[in-house]
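What follows is one structure encoded as structure tokens, with my remarks underneath.
FYI, the numbering just counts along the sequence from 1.
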Amino acid sequence: MEAKFFRFLKIVGVGYKARAEAAGCLVYLKLGYSHEVELTVPPAVRVFCFKNNVVCCTGIDKQRVHQFAAAVHSCKPPEVYKGKGIMYIDEVIKKKQGKKSK
């Protein structure tokens, strides 16, 4: 299978990790919940994990690759105060200012 389309996701946060198993057919995400989030990868998409915090979704169908990447992104979207969560590599998060103290 020749992969033409890529989508890279970066996981930011202390203790947040991802791992791919079963030849890229299952993805396990540790996102600070009490359990691991398990996602089944569609047949036309392959998933690789670089280090523990970079996930690469590849495939020959652009729509399926981007849809699966959006499903992973929606598990923990980046929050605007600390920037923790799952974001695309080219995504820019505009951080908000916290509460002002007197």
Side-chain angles (χ1 to χ4, degrees):
M1 180 171 95
E2 182 181 335
K4 292 190 174 186
F5 300 102
F6 297 89
R7 198 70 165 148
F8 288 95
L9 297 146
K10 182 170 61 171
I11 301 173
V12 179
V14 177
Y16 290 5
K17 296 178 185 177
R19 74 176 199 271
E21 288 190 359
C25 294
L26 282 173
V27 178
Y28 293 99
L29 302 169
K30 284 187 181 180
L31 299 173
Y33 299 128
S34 61
H35 59 283
E36 283 188 343
V37 178
E38 179 182 336
L39 294 172
T40 306
V41 182
V45 180
R46 296 286 307 267
V47 174
F48 304 102
C49 292
F50 303 112
K51 296 184 257 186
N52 278 335
N53 58 352
V54 178
V55 179
C56 175
C57 304
T58 66
I60 55 174
D61 188 1
K62 182 177 182 179
Q63 196 267 335
R64 287 188 182 173
V65 169
H66 286 246
Q67 185 173 2
F68 180 72
V72 174
H73 182 266
S74 68
C75 289
K76 191 86 166 182
E79 54 129 51
V80 294
Y81 293 103
K82 290 187 180 178
K84 292 168 42 171
I86 301 175
M87 62 185 75
Y88 300 113
I89 287 286
D90 55 351
E91 185 178 13
V92 177
I93 303 299
K94 187 175 179 184
K95 291 187 180 178
K96 287 187 177 179
Q97 187 177 11
K99 207 176 2 175
K100 291 194 175 189
S101 61
K102 292 182 180 182

What pairs of residues pass the ring-ring contact (aromatic ring centres under 6.0 Å, His included) test when at least one of them lies in residues 37-70, not counting sequence neighbours?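 For residues 37-70: none.
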Which donor-acceptor pairs under 3.5 Å do side chains of residues 12-20 form with protein atoms, sequence neighbours excluded?
residue, atom, partner, partner atom, Å
R19, NE, E21, OE2, 2.8
R19, NH1, E36, OE2, 3.0
R19, NH2, E21, OE2, 3.4

Contacts under 3.5 angstrom, residues 78-94 side chains, donor-acceptor by atom type, not counting sequence neighbours:
residue, atom, partner, partner atom, Å
E79, OE2, K82, N, 2.6
E91, OE1, H73, NE2, 3.4
E91, OE1, Y88, N, 3.0

Quick check on Q63: does its CD atom have over 12 non-hydrogen neighbours (other residues, nucleotides or ligands) under 6.0 Å away?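 Correct, the count exceeds 12.
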Listing request: all salt bridge (charged side-chain N to carboxylate O under 4.0 Å, His left out) pairs with a residue in residues 51-63, at least two apart in sequence or in separate chains.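 Every pair satisfying salt bridge (charged side-chain N to carboxylate O under 4.0 Å, His left out) with a residue in residues 51-63: D61-R64.
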Partners of E38 by side-chain contact (heavy atoms from CB on, under 4.5 Å), sequence neighbours excluded?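 Only L26, Y28 meet the side-chain contact (heavy atoms from CB on, under 4.5 Å) criterion with E38.
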Check whether V37 and V45 end up in the same hydrophobic cluster, where Ile, Leu, Val, Met, Phe, Trp and Tyr are linked by side-chain heavy atoms less than 4.5 Å apart.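 In one cluster: yes.
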Under 4.5 Å between side-chain heavy atoms, chaining through other members, with only Ile, Leu, Val, Met, Phe, Trp and Tyr counted: pull out the rest of the cluster around F5, sorted by chain and number.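 None; F5 is a cluster of one.
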CD1/I11 to SG/C75 distance, rounded to the nearest 0.5 angstrom?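 Here the interatomic distance stands at 9.5 Å.
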Of V47, V72, V65, V55, which is the lone residue that meets side chain to side chain contact (heavy atoms under 4.5 Å, CB included) with R7?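 Exactly one pass, corresponding to V65.
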